[in-house]
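Input: a single structure, listed below in structure tokens.
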Amino acid sequence: MRIAFYAPLKSPNHSVASGDRQMARMLVKALEHGGHSVELASELRFYLREPEPQSFDALKIEAREEAARLTRLWERDGKPDLWFCYHPYYKAPDLIGPELASTFAVPYVTAEASYSRRRNAGLWADTQALVVQAVEQAALNICFTQRDRQGLADAIPQVALHMLSPFIDTSVFHEMPARGCPTRLVAVAMMRPGDKVESYRMLAQALGQIGHLPWTMSVVGDGPARDDVKALFAGFAAERIEWLGAIDPAAVPDVLYGGGIYVWPGYGEAYGVAYLEAQAAGLPVVAQDIAGVPEVVRDGQTGFLTPPHDVAAFASAIERLLARKDERTIMAEEARRFILEERSLDVAAAHLAELLPKISAS
């Protein structure tokens, strides 16, 4: 099929690395892997940071202009077989695809759409209503987490929902080099206000409780809250923490291979691509049992998920993996098996290949 792909929150070509951009790229790869022709329908970013009517109106004008451009293009070159929208939610609804798909009789599909009842106030209620309309129109809504699926099912009964587990391209992780330092902790996360800073705060507090142990840590990430994040770790000796900043995504596997345990609390994580990559590299994970994290980490098998907001439990889980070599080794092996066998690009492509022809034929 010829698929028009659109990610209103962040294009696969966006200059800033993030889990959203990475999953958008992975979806494109998975679709192409299944033999489909994928074209990026639009680079327009429809993202409302705050509920400001003026900004919303300006973005709506841009969306109308983009829809008009695509209308002319499709009338000249022919319409696609499918419109595929990745991650529409109240701050980033799809204002282009639903109308075009309806006008040209093109099947409409969403992936990782979400609904939050607590956002139904003011302008967010209006933008979320647009997400609802798109989900209702969709021939299929692909959910990455049970949390998102349940949210959509509760709010919009009788919509077409299907699960696709979060996945990564595991090709860069198939070769397992010599194991890195077992007491080397690793975290990969952007440094921005909100959930990311709160996760760094909890991590610093937990490490403070096990400062007597011989751990070191590598941190990959950068962002506007860099100074605030570093201040949280100011009480540790400089040689214990390696601040790597923002690095090329292709270099991340080497950092992971050099560590022994992946540590990240995960406040607000939809699921966390970095958890998948860490496990593919053979790192057991310590995270919180929160948000979408349980979708990508198997508690007691590939790592430990501790109770939300429990700093002592988080610290204890890290201490346990540092102290118990045999348990750490078993979890590392199971983590790699889990990702390579169950969460690979090949697995996702095969799953999508089963779904999409049924839509185009309906």
**Prompt:** Could you walk me through whether Glu75 and Arg72 pass the salt bridge (charged side-chain N to carboxylate O under 4.0 Å, His left out) check?
**Reply:** CA-CA 5 Å; Glu75 288 174 342; Arg72 294 190 296 270; over 6 Å; no
**Request:** Report the C-alpha separation of Thr302 and Met331 in whole Å, then their side-chain angles, then the decisive distance to 0.1 Å, and conclude whether the side chain to side chain contact (heavy atoms under 4.5 Å, CB included) test is met.
**Result:** CA-CA 5 Å; Thr302 69; Met331 282 190 167; 5.9 Å; no
**Message:** Could you go through Met217 and Leu203, starting from their C-alpha distance and side-chain angles, then the distance that decides it, and tell me whether this counts as side chain to side chain contact (heavy atoms under 4.5 Å, CB included)?
**Reply:** CA-CA 11 Å; Met217 184 169 69; Leu203 179 57; 4.0 Å; yes
**Request:** Evaluate the criterion side chain to side chain contact (heavy atoms under 4.5 Å, CB included) for residue pair Val293 and Trp264; output intermediate values, then yes/no.
**Result:** CA-CA 10 Å; Val293 179; Trp264 183 245; over 6 Å; no
**Request:** Would you check, one step at a time, whether the test salt bridge (charged side-chain N to carboxylate O under 4.0 Å, His left out) holds for Lys196 with Glu269?
**Result:** CA-CA 9 Å; Lys196 297 299 185 187; Glu269 293 286 357; 3.0 Å; yes
**Prompt:** Can you check side-chain hydrogen bond (donor to acceptor under 3.5 Å, both in side chains) on Ser171 and Asp169, steps first, answer last?
**Reply:** CA-CA 6 Å; Ser171 60; Asp169 183 352; 2.9 Å; yes
**Steps toward side chain to side chain contact (heavy atoms under 4.5 Å, CB included) verdict (Glu319, His212)** = CA-CA 10 Å; Glu319 183 172 11; His212 59 285; 3.7 Å; yes
**Asked** Stepwise, does the side-chain hydrogen bond (donor to acceptor under 3.5 Å, both in side chains) test hold for Asn141 with Thr110?
**Response** CA-CA 5 Å; Asn141 297 283; Thr110 75; 2.5 Å; yes
**Request:** Begin with the C-alpha distance, continue with both residues' side-chain angles, and end with the deciding distance and a verdict on salt bridge (charged side-chain N to carboxylate O under 4.0 Å, His left out) for Arg298 and Glu342.
**Result:** CA-CA 12 Å; Arg298 291 183 171 169; Glu342 300 182 36; 2.7 Å; yes
Review item, side-chain donor-acceptor pairs of residues 158-167, under 3.5 Å, at least two apart:
{"from": "His162", "atom 1": "NE2", "to": "His351", "atom 2": "NE2", "distance (Å)": "2.8"}

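A donor-acceptor pair under 3.5 Å is absent between the side-chain atoms of His36 and the main chain of Val38, judged by distance alone. Between the side chain of Gln279 and the backbone N or O of Tyr275, at least one donor-acceptor pair lies under 3.5 Å. Of the possible donor and acceptor atoms, none in the side chain of Arg147 sits under 3.5 Å from a partner among the backbone N and O of Tyr271. Formation of a donor-acceptor pair under 3.5 Å by the Tyr262 side chain with backbone atoms of Leu256 is not found in this model. Panel note: side chain Arg240, backbone Trp215; a donor-acceptor pair is recorded below 3.5 Å. Of the possible polar contacts, one joining the Arg328 side chain to the Leu321 backbone as a donor-acceptor pair under 3.5 Å is found. Between the Gln128 side chain and the Tyr115 main chain, no donor and acceptor come within less than 3.5 Å of each other. Using a distance-only test at 3.5 Å, with no hydrogens or angles considered, no donor-acceptor pair links the side chain of Arg21 to the main chain of Pro12. The backbone N or O of Arg2 lies less than 3.5 Å from no partner atom in the side chain of Glu39, so there is not a single donor-acceptor pair. At least one donor-acceptor pair under 3.5 Å links the side chain of Thr127 to the backbone N or O of Tyr90.
No path of Ile, Leu, Val, Met, Phe, Trp and Tyr side chains, each step under 4.5 Å between heavy atoms, connects Leu70 with Leu82, placing them in separate hydrophobic clusters. Using a 4.5 Å cut-off between side-chain heavy atoms of Ile, Leu, Val, Met, Phe, Trp and Tyr, with links allowed through other members, Val263 and Val255 fall into the same hydrophobic cluster. No single ILVMFWY cluster, assembled from side-chain heavy atoms under 4.5 Å apart, contains both Phe84 and Tyr6. Cluster annotation: Tyr108 and Leu27 are assigned to distinct hydrophobic clusters (Ile/Leu/Val/Met/Phe/Trp/Tyr, side-chain heavy-atom contacts under 4.5 Å, transitive). Note: the hydrophobic cluster containing Val220 also contains Tyr267 (ILVMFWY, side chain heavy atoms under 4.5 Å, direct or indirect links).
When every heavy atom of Ala67 is checked against every heavy atom of Leu100, the shortest pair comes out as O-CD2, 3.9 Å. Taking each heavy atom of Ile168 and Met26 in turn, the nearest pair found is C-SD, 4.0 Å. What you find for Ile290 and Pro308 is that their closest heavy atoms are CD1-CB, 4.2 Å. A pairwise comparison of heavy atoms in Pro294 and Asp289 identifies CG-OD1, 3.1 Å as the closest pair. Contact record, Thr216 with Glu239: CG2-O, 4.4 Å, taken as the closest heavy-atom pair. Heavy atoms only, all atoms of each residue included: Leu322 and Pro182 are closest at CD2-O, 4.1 Å.
The CD atom of Gln146 sits 8.0 Å away from atom CD of Gln150, with the distance rounded to the nearest 0.5 Å. Atom CD of residue Glu50 and atom OG of residue Ser55 lie 9.5 Å apart, to the nearest 0.5 angstrom. Atom CG of Asp126 and atom CG of Leu130 lie 7.5 Å apart (nearest 0.5 Å). The line from CG of Leu345 to CD of Glu32 is 10.0 Å long, rounded to the nearest 0.5 Å. Distance CZ/Arg64 to OG1/Thr71: 13.0 Å, rounded to 0.5 Å. Note that CZ of Phe5 and OG of Ser11 are 8.5 Å apart. Values are rounded to the nearest 0.5 Å.
For Lys91, the NZ atom counts as densely surrounded, since its 6.0 Å shell holds more than 12 non-hydrogen atoms of other residues, nucleotides or ligands. The number of heavy-atom neighbours closer than 6.0 Å to CD of Gln205, taken from other residues, nucleotides and ligands shown, is above 12. A 6.0 Å sphere centred on CD of Gln54 holds no more than 12 heavy atoms belonging to other residues, nucleotides or ligands.
The side-chain heavy atoms of Pro93 and Pro8, taken from C-beta on, include no pair separated by under 4.5 Å. Side-chain contact between Tyr200 and Val219: present, with at least one pair of heavy atoms (C-beta onward) separated by less than 4.5 Å. With a 4.5 Å cut-off on side-chain heavy atoms, Leu356 and Leu31 count as touching. Here the side chains of Asp299 and Phe304 are in contact, with some heavy-atom distance below 4.5 Å. Side chains of Leu352 and Ile142 form a contact here, defined as non-hydrogen atoms less than 4.5 Å apart. Considering only heavy atoms from C-beta on, Pro249 stays 4.5 Å or farther from Gln22 through its side chain. Annotation: side chain of Met23 is not in contact with side chain of His87 (no heavy-atom distance under 4.5 Å). Leu207 is listed as a side-chain neighbour of Ile318, based on a closest heavy-atom distance under 4.5 Å.
Judged as a side-chain contact (heavy atoms from CB on, under 4.5 Å), and not counting sequence neighbours, Pro157 has no contacts.
Remark: Arg337 engages Glu334 in a salt bridge, criterion side-chain N to carboxylate O under 4.0 Å. Between Lys60 and Asp57 there is a salt bridge, with a side-chain nitrogen of the basic residue lying less than 4.0 Å from a carboxylate oxygen of the acidic one.
Using cut-offs of 30° and 60° on the angle between ring planes, the pair Phe233 and Phe236 is tilted. Phe144 and Tyr86 have tilted rings, their planes meeting at an angle from 30° to 60° on a 0 to 90° scale.
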